[in-house]
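Encoded as structure tokens, the structure appears first; notes follow it.
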Amino acid sequence: MMAFLKSREAILGGAILVLLALIASRFPGFIAPANLARVFTDTSPLLLLALGQTVVILTRCIDLSVAANLALTGMVCAMLNAAMPGVPVIVILAIAVGLGAIMGAFNGILVWKLAIPPIVVTLGTMTIYRGIIFLISNGEWVNAHEMSAAFTGFPRASILGLPVLAWFAIVLAALFILMIARTPLGRSFYAVGGNPHAAVYTGIDVGRTQFWAFVISGALAGLTGYLWVARYAVAYVDIAGGFELEVVAACVIGGISIAGGAGTILGTILGALFLGIVKNALPVVDISPFWQMAISGAAIITAVAFNARSAKAKGRIILRRAQAQGAQA
Amino acid sequence: MQMSIETQTREASPVSTDPVLTLDGITKTFPGVKALDQVSLELYPGQVTALVGENGAGKSTIVKTLTGIYQPDEGTIRVAGEDVHFATAQDASAAGITAIHQETVLFDELTVAENIFIGHAPKGRFGMIDWSEMRRRAREILDRIDADLDPDMPLRDLGIASKHLVAIARALSVDARVVIMDEPTAALSHKEIEELYELVERLKAEGRAILFISHKFDEIFRIADRFTVFRDGKHVGAGLISEITEADLVRLMVGRDVDQIFPKREHKLDGEVLQVVGYSHPTEFDSIGFTLRKGEILGFYGLVGAGRSEVMQSLFGITKPSKGVVKIDGDIKVIRSPADAVDNGIVYVPEDRGKQGAVIGLPIFQNITLPSLSQTSRAGFLRMSEEFALAREYTERLDLRAASLDQDVGNLSGGNQQKVVIAKWLATKPKVIILDEPTKGIDIGSKAAVHAFMAELAAQGLAVIMVSSEIPEVMGMSDRVIVMREGLIAAELEGDDLTPETLVRHAAGIGEEDQ
């Protein structure tokens with residue numbers, strides 16, 4: 001219990017509660033359940049992408065192409081719907097996930113087979129995917145009136161008072177917690193990121209594991225692509241521009257070590273919620289949205305400094321024990 | 001040529017000059033181990049002093065003390081008769097001491113000239129680097145050592161021998177009085193070694209003092225004028241090379257009171273479990289053949305770089321052999337990946353625990369179950385209770401002391417981390433376990449525990465291959481020892497043939513006629 005209270009997740013959770021209390025002191029309406037549900041729904045796309053990014057970062061990689069993947073998949077879904085309004089949403093969902101996964105797999109193949117640094121690969125594919133959107137759309141928008149009601153209505157449809165978009169985030173977050181903690185693949189993400197050399201000796205294929213991380217990240221980006229375009233009922237080249245950095249920020253604030261192998265899904269969820277609350281609360285309490293960037297930035301640096309400090313303290317414990325054992329011997 | 005150098009060496013060495021560098025009563029202690037205990041060392045201008053000792057004798061520590069990386073706890077260092085204190089590597093360099101390491105510490109992306117002058121580049125106007133002057137002086141130094149290298153060539157395009165030349169040129173550029181060469185020939189070809197010897201002669205002729213660290217007795221007797229022997233961090237002898245025989249030097253190096261107690265083992269050897277025939281690799285090893293029986297501990301002894309770990313990594317599927325056959329329980333098996341090896345009952349506990357062993361950041365139990373996840377999962381999901389049960393079983397067998405199996409491996413001592421790595425492999429229920437330097441860098445108490453455990457494994461019918469560079473460990477634990485030298489099996493020793501002297505002779509390649 002003490003260990004949990006001292007954990008990164010508990011501290012971040014505490015920070016979120018303090019943040020909510022501060023906002024509530026100036027604007028009590030913000031913490032009304034209906035508003036919190038709205039904030040959560042608004043944060044869902046960030047959360048979905050952050051789940052995939054977490055897996056990628058755990059394996060010592062990074063995926064900067066998620067926002068471009070989202071935008072391209074979203075455009076394909078929107079154009080498909082505009083051209084063939086009769087295609088059911090379930091098929092569109094499958095196409096979105098499949099297309100996203102293919103784009104993720106492309107990243108993964110380059111990292112696995114050609115051993116190109118992930119930051120370079122995804123920086124390149126990020127630009128390529130954005131470029132493809134322009135090519136297929138001729139830079140034109142797909143607007144609400146071109147989309148079918150079923151297409152745009154799906155993410156907003158309410159189940160038990162929460163929109164489908166929020167339910168996607170909740171269910172996938174739960175699945176990821178299970179996958180990370182309880183499947184061999186989840187374990188191998190940690191092993192590959194924590195100590196790639198040891199992973200090789202254990203019989204884990206480092207490249208293949210990283211490949212699957214990219215596929216998962218891509219699939220989630222694709223799924224979010226449809227949900228995003230349908231929710232806002234518009235698709236164009238620049239949607240979610242720069243969103244990849246917010247996604248990485250959510251992971252880092254949530255305590256996912258950029259060096260790989262450390263962090264939890266719960267941390268990522270809290271990191272995404274933290275950013276989501278900051279983003280939604282600032283206009284309400286009448287602070288310029290430009291402050292949002294400063295606050296996110298400060299949160300990232302605080303989180304990283306905090307993680308570095310806790311790692312250092314651990315180092316000292318190792319030494320003391322080693323010395324004690326040396327003395328015994 | 002060889003003869004002339006040899007006679008020259010002996011004649012040209014003035015016997016009674018004052019040492020340029022003197023170490024006296026140097027002691028250096030690390031937590032749990034005394035690396036150097038009151039050692040002394042003298043280096044004379046224009047002479048080569050060979051520093052001889054087994055692995056762990058304290059040779060690296062003395063080099064690091066001389067180059068200012070470690071500060072001794074006790075003792076004095078005198079350069080040209082004056083007491084000095086090296087607080088940093090720069091201090092040692094300023095005093096004219098420079099080291100050429102086994103793996104050269106140079107910058108691959110910089111040019112030859114930049115490497116030679118890094119840290120003391122000639123400056124022109126406004127404090128900018130004077131490139132033409134730097135090139136000119138680099139050329140000059142390279143010519144002095146007959147090195148046919150372009151100063152503008154990036155270092156990454158050079159071979160190891162040429163990199164050594166750059167390191168030597170660097171030593172000359174700071175006008176080093178003392179040049180330390182730490183196993184400089186370990187990675188060189190025969191021809192390159194000859195060239196290095198000539199260069200050593202030249203450095204001698206210029207009046208520089210050379211500390212030459214080597215395991216190869218032929219080269220020690222060929223180029224050294226003096227010797228100093230360390231054993232277990234203590235100075236055990238020094239003198240002129242011309243006044244000692246190889247046999248005496250070996251005895252000085254290995255002769256010891258056996259201060260470690262090894263577990264008594266009952267030899268119950270069963271049938272052959274592993275048979276390796278004609279195992280070869282294009283560049284690392286050739287024609288390796290041996291058999292291994294159940295309940296046996298087979299030692300692999302050799303100098304660092306003899307190819308022992310390379311053979312083991314190949315058996316474990318990390319590198320591909322060019323030819324050769326591996327039979328397990330009489331059946332030919334093809335091992336393409338570590339996963340194949342584990343499936344066939346071969347596991348490998350690598351030497352570098354930090355890098356290749358434990359996954360820091362994962363708790364103990366997850367480290368242990370990492371190769372056995374299919375065992376502990378059902379329908380694709382891991383079962384925590386089974387993971388704990390498996391981890392508990394093997395940590396208890398290994399007497400691993402930890403507050404909880406949930407603890408991060410990073411919080412354990414080296415010895416306990418080693419146990420976690422061994423437990424991880426035992427949990428896969430292997431037939432053959434390869435232990436690469438199983439007790440390197442762990443304290444004496446944990447060493448004894450690892451040895452006891454190794455004996456127990458063998459008693460339970462597991463076949464053990466132990467790669468070790470520590471003679472007492474090889475002597476104390478092995479039923480049989482294979483000695484490797486330069487990628488080949490030099491000898492297979494057991495019974496009365498297995499003595500510290502024979503091990504060193506075969507490993508160092510000392511000629512039969514000397515016996």
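Throughout, a chain's letter reflects where its sequence line sits, starting with A, and its residues are numbered from 1. As a basis for the values below, the full set of heavy atoms in this structure was taken, side chains included, without hydrogen atoms, waters or symmetry mates. Just so we're clear, the structure is a prediction, and the values are computed from it rather than from any experiment.
Of the two parts of Leu370(B), the backbone and the side chain both hold a non-hydrogen atom closer than 4.5 Å to a non-hydrogen atom of chain A. The parts of Phe381(B) that come within reach of chain A are both its backbone and its side chain, each placing non-hydrogen atoms under 4.5 angstrom from that chain. Interface remark: Ile204(A) contributes side-chain atoms only to the contact with chain B (heavy atom separation under 4.5 Å). For chain A, the nearby part of Thr369(B) is the side chain; its heavy atoms alone come within less than 4.5 Å. Ala262(A) does not touch chain B: none of its heavy atoms, backbone or side chain, sits under 4.5 Å away. There is no contact between Ser337(B) and chain A, counting heavy-atom distances below 4.5 Å.
A donor-acceptor contact shorter than 3.5 Å links the side chain of Trp425(B) to the backbone of Tyr348(B).
Every residue meeting the salt bridge (charged side-chain N to carboxylate O under 4.0 Å, His left out) condition with Glu246(A), not counting sequence neighbours, appears here in chain and number order: Lys279(A).
Counting heavy-atom pairs under 4.5 Å between each of Asn367(B), Val359(B), Val349(B), Asp340(B) and chain A puts Val359(B) at the top. Annotation: maximal heavy-atom pairing with chain B below 4.5 Å, among Ser257(A), Gly203(A), Gly261(A), occurs at Gly203(A).
Using a 4.5 Å heavy-atom threshold, the side chains of Asn107(A) and Phe211(A) count as separate.
Side-chain contact check for Asp73(B) and Thr27(B): no donor-acceptor pair (N or O, by modelled atom type) lies under 3.5 Å. No hydrogens or angles considered: a donor-acceptor pair under 3.5 Å links the side chains of Ser217(A) and Asp63(A).
Note on Arg182(A) versus Glu387(B): no salt bridge recorded, every NZ/NE/NH1/NH2 to OD/OE distance being 4.0 Å or above.
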